[in-house]
Protein chains: 2
Amino acid sequence: MRRLEEKTIASKSIFDGKIIRLQVDEVELPNGNTSTREIVKHPGAVAVLAVTEENKLVLVRQYRKPLEKTILEIPAGKLEPGEDPMECARRELEEETGYRAESLHPLVSFYTSPGFADEIIHIYEARGLKAGEAHADPDEFVEVVELEMEEAFDRLKKEEIHDAKTVTALYIWQNRSLISS
Amino acid sequence: MRRLEEKTIASKSIFDGKIIRLQVDEVELPNGNTSTREIVKHPGAVAVLAVTEENKLVLVRQYRKPLEKTILEIPAGKLEPGEDPMECARRELEEETGYRAESLHPLVSFYTSPGFADEIIHIYEARGLKAGEAHADPDEFVEVVELEMEEAFDRLKKEEIHDAKTVTALYIWQNRSLISS
């Protein structure tokens, strides 16, 4: 196996915000040359694949300022420092949609943008959903939408479903239904 | 449908790097309150689902400084300004792996981190692969790895496959084989 690692020579902090931090690292490449790496540090996030008894996927409609666009996403949220990802997933699902899950099960986790960010998302599957009252933060604006599989893929085609975690969850959902059918 | 949009009140540029830019926007929320949004601007990227005649997925092993980890990813690369995404996908596939595709077909596109970045990835499917010589940039260090589907899912479980585009591509590949079987 080839040596691929980069050694850190120096690291400079550029920005320390509410959610992300930015640093620029100087690195030594495997061939001895040097380069720089622009790195966004993020606390990590969780997301939930929640399917109702009527076999509908639970989504939230949300405005995303970086995209200047409103999209449909599976319920998700950032990790608080030290927070257990599964507890965070349970909390976000309930706050954003009102649904409580009897149990949550890890499905998959992935880095969203390994070239420039360390954000990792842990996706859980919610089982045994019970409907209840949503109670989002006063400054959080989301709208719950429930879609059958065919409708969800139609929204994917229309780019209303348009982010990594939701696209992944959609294919996992479909694959499970294909495998079990 | 609820009003969810945020209005930009002010935008401050924080950093303008080789790959990303960072800005902090002040926004007006739907309830009239104000908040700030930390936004990373990225040129966008492409990635390629390439499966060989032997039904193996073409991956590249690559060190990712933000993760301090070497992972297996589908061939991918950043868009140059004004570059056609499909041409970029063709170029990256050939440079990183040596494979030429007879044709490329759009599979799906998604935003990787809609909460803090505008990075979009366009995933293409390569058809009619012909092996050739890889010719990566001198300062780019990648190693080509080809895996059968079961092996690929095993690497996903071991978190060697661990990023959004590759996880998505893997499930799409499985999806197609489930549908066609």
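Below, all heavy atoms of this structure are taken into account, side chains as well, without hydrogens, waters or symmetry copies.
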## Note on the structure
Of Leu67(B), Ile120(B), Val40(B), the largest count of non-hydrogen pairs under 4.5 angstrom with chain A goes to Leu67(B)
### Query
Which answer fits Glu119(A), side chain, backbone, both or neither, if we ask what part of it has an atom under 4.5 Å from a heavy atom of chain B?
side chain
### Query
Taking Thr36(A), Val24(A), Asp25(A) one by one, which has the highest count of heavy-atom pairs under 4.5 Å against chain B?
Thr36(A)
### Message
Just checking Lys12(A): does its NZ atom have more than 12 heavy atoms from other residues, nucleotides or ligands closer to it than 6.0 angstrom?
### Response
no
### Which atoms of Ile161(A) approach chain B - backbone, side chain, both or neither, heavy atom under 4.5 Å
neither
#### Entry: ring-ring contact (aromatic ring centres under 6.0 Å, His included) evaluation trace for Phe110(A) with His162(B)
CA-CA 5 Å; Phe110(A) 53 73; His162(B) 210 190; 8.4 Å; no
## Note on the structure
Looking only at Ile179(A), Thr8(A), Ile20(A), most heavy-atom pairs under 4.5 Å shared with chain B are made by Ile20(A)
### Query
Picking from Glu159(A), Arg37(A), Glu38(A), which has the most non-hydrogen pairs under 4.5 angstrom with chain B?
Glu38(A)
### Query
Counting only N and O atoms by type, is there a donor-acceptor contact under 3.5 Å from the side chain of Asn175(B) to the main-chain atoms of Gln174(A)?
no
### Task
Can you tell which part of Gln62(A) gets under 4.5 Å to a heavy atom of chain B, answering side chain, backbone, both or neither?
backbone
### Message
So which residue, Asp163(A), Asp118(A), Ile121(A), ends up with the most heavy-atom pairs under 4.5 Å with chain B?
### Response
Asp163(A)
### Best-contacting candidate, Pro114(B), Ala164(B), Ser35(B), against chain A by heavy atom pairs under 4.5 angstrom
Pro114(B)
### Query
Under a 4.5 Å heavy-atom cut-off, does chain A meet the side chain of Thr70(B), its backbone, both or neither?
side chain
### Task
Measure Lys78(A) against the heavy atoms of chain B and call it side chain, backbone, both or neither at under 4.5 Å.
neither
### Query
Heavy-atom distance under 4.5 Å to chain B: side chain of Phe116(A), backbone, both or neither?
both
